[in-house]
Colleague: 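Input: one structure, supplied below.
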Amino acid sequence: MFKRSLLIVAIALSFSLSHAASTSVSAGNSASEQSLPLTIDDILDNAQTIQTEMLNQNRMEALLLVSLSMPEASLKRLAVDAKDAGVSLVFRGVPVDPKDPANKPLLNPQSLQAFNFLVELGASVELNPEIFKEFGVTKVPMLIIRKHQQKSPGSSGSCGNQDADAAQNAALVLGDVTLGYMLDTLTDRQDEIGKEAQRLRQKLGERP
C-alpha cells in the first residue's frame, strides 16, 4: 500500500489513481526517498508543464467533481458509474492534517489513503484544484463536459477572454443525482458536448 501510494504522489495531478496503482515501483527506493514530504504546491508546480500540454489539443473531456465531505454511499455510487462511463472523479485536494490544519496538506501515503475506498471500486481519481477555480465550483457533485481547443502558437488573450472561451466550450450539471441523470440533461444538445454525453450515457446502459 505504501509503494502504491508513493507512486500516486509522483503523478497524482496528471494521471488517475487507478492508472498509478497498476504501474510498478522500483524496490530499490530508499526509506528517505519514500518519506519525502511533498506539498500539493510541489506537485502542482512539477505537473504544470504536462498538464498544459494535455490541455492544448482538441479533445472532449468529462470530469465529475466531488468531495470527501459527501456521504460515502453517494461517492461509492458515483464511483461505480464513473468507472463504467470512463469519467474521472476529481477532488480539489487531499485532506488536511487534523493535528495541524493550519499547515498545507501533505501528499503522503497517509493522506492519500482517504481515497482508497474509491480506487478499490475501480474509479479513476484525480486531484485538480485548478478545475474548481477555473469554473468557480463551490458545490458538488458537478459534472463538467468540455472541449479543449488547441491554442495556436503565439496566441494570447486576456484572462476574461480565456474564461469566456472556457464557459462557451463547456457544460456544467450540478446536483446530488446519478451520473446517468446528469448525462441525460445534456444528450439533447446538438453539438459535440451533446454527442459526448450520448456516448458516455450508452456505457451506463439502462441504469438510472
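Because the structure is a prediction, the values reported are computed rather than measured.
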Colleague: State, yes or no, whether a side-chain contact exists between Glu134 and Ile131 at a heavy-atom distance under 4.5 Å.
Modeller: yes
Colleague: To the closest 0.5 Å, what do you measure between CG (Leu63) and OG (Ser124)?
Modeller: 9.5 Å
Colleague: Quick check: do Lys76 and Leu121 have side-chain heavy atoms less than 4.5 Å from each other?
Modeller: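 They are in side-chain contact.
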Colleague: Applying side-chain contact (heavy atoms from CB on, under 4.5 Å), run through Leu183 and Ile145 and close with a yes or a no.
Modeller: CA-CA 9 Å; Leu183 291 169; Ile145 298 182; 4.0 Å; yes
Colleague: So which atom in Ser88 and which in Glu126 form the shortest heavy-atom distance, rounded to 0.1 Å?
Modeller: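 That closest heavy-atom pairing would be OG-OE2, 3.1 Å.
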Colleague: Between Asp84 and Arg207, is there a side-chain N and carboxylate O pair less than 4.0 Å apart?
Modeller: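 Judged by the 4.0 Å cut-off on N to carboxylate O distance, Asp84 and Arg207 do form a salt bridge.
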Colleague: Working note: Arg201 + Leu179, criterion side-chain contact (heavy atoms from CB on, under 4.5 Å); need CA distance, chi angles, decisive distance, verdict.
Modeller: CA-CA 9 Å; Arg201 188 62 177 93; Leu179 177 58; over 6 Å; no
Colleague: Among the clusters formed by ILVMFWY side chains lying less than 4.5 Å apart, do Met70 and Val177 turn up in the same one?
Modeller: yes
Colleague: Answer yes or no: is there a side-chain heavy-atom contact under 4.5 Å between Asp81 and Leu204?
Modeller: yes
Colleague: Please assess Asn169 against Arg146 for the test side-chain contact (heavy atoms from CB on, under 4.5 Å), listing each intermediate value before the final yes or no.
Modeller: CA-CA 6 Å; Asn169 292 289; Arg146 63 176 178 172; 5.7 Å; no
Colleague: If you look at every heavy atom in Ala171 and Arg189, which pair is closest and at what distance?
Modeller: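 Ala171 and Arg189 have their closest heavy atoms at CB-NH1, 3.7 Å.
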Colleague: Look up atom CE in Met182 and atom CD1 in Ile144, then write down how far apart they are to the nearest 0.5 Å.
Modeller: 10.5 Å
Colleague: Is any side-chain heavy atom of Lys147 less than 4.5 Å from a side-chain heavy atom of Asp191?
Modeller: no
Colleague: Answer yes when Glu196 and Arg199 have at least one side-chain N-carboxylate O distance shorter than 4.0 Å, and no when they do not.
Modeller: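 Yes, this pair counts.
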Colleague: Quick check: do Val125 and Val66 have side-chain heavy atoms less than 4.5 Å from each other?
Modeller: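 Val125 vs Val66: side chains apart.
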Colleague: Is there side-chain contact between Val140 and Arg92, with at least one heavy-atom pair below 4.5 Å?
Modeller: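 The answer is no, as the side chains (C-beta and beyond) never meet within the 4.5 Å cut-off.
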Colleague: When rounded to the nearest 0.5 angstrom, what distance separates CG in Leu127 from CG in Leu112?
Modeller: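 The CG atom of Leu112 is 6.5 Å from CG of Leu127, to the nearest 0.5 Å.
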Colleague: Side-chain contact test, heavy atoms from C-beta onward, threshold under 4.5 Å: evaluate it for Phe117 versus Leu75 and give yes or no.
Modeller: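 Yes, close enough: below the 4.5 Å cut-off.
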Colleague: For the residue pair Phe135 and Met142, establish whether any side-chain heavy-atom pair is separated by less than 4.5 Å.
Modeller: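 When only atoms from C-beta onward are counted, Met142 and Phe135 do not touch, as no gap falls below 4.5 Å.
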Colleague: Compare every heavy atom of Leu118 with every heavy atom of Phe91, then report the nearest pair and how far apart it is.
Modeller: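 Closest pair (atom of Phe91, atom of Leu118, distance): CZ-CD1, 3.5 Å.
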Colleague: Would you say Gln190's side chain and Asp188's backbone share a donor-acceptor pair under 3.5 angstrom?
Modeller: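 Yes: the side chain of Gln190 pairs with the backbone of Asp188.
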Colleague: Does Tyr181 OH have over 12 foreign heavy atoms under 6.0 Å away?
Modeller: no
Colleague: Do you reckon Met60 sits in the same ILVMFWY cluster as Leu200, going by side-chain contacts under 4.5 Å, direct or chained?
Modeller: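 Result: yes, single cluster for both.
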Colleague: Using side-chain contact (heavy atoms from CB on, under 4.5 Å), reason through Leu89 and Phe115 one step at a time and then give a plain yes or no.
Modeller: CA-CA 10 Å; Leu89 295 181; Phe115 305 102; over 6 Å; no
Colleague: Going by an N to O cut-off under 4.0 Å, is there a salt bridge joining Asp176 and Arg77?
Modeller: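 Counted as a salt bridge, because a side-chain N and a carboxylate O are separated by less than 4.0 Å.
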Colleague: Just how far is it from atom CG of Leu172 to atom CD1 of Ile193, taken to the nearest 0.5 Å?
Modeller: 9.0 Å
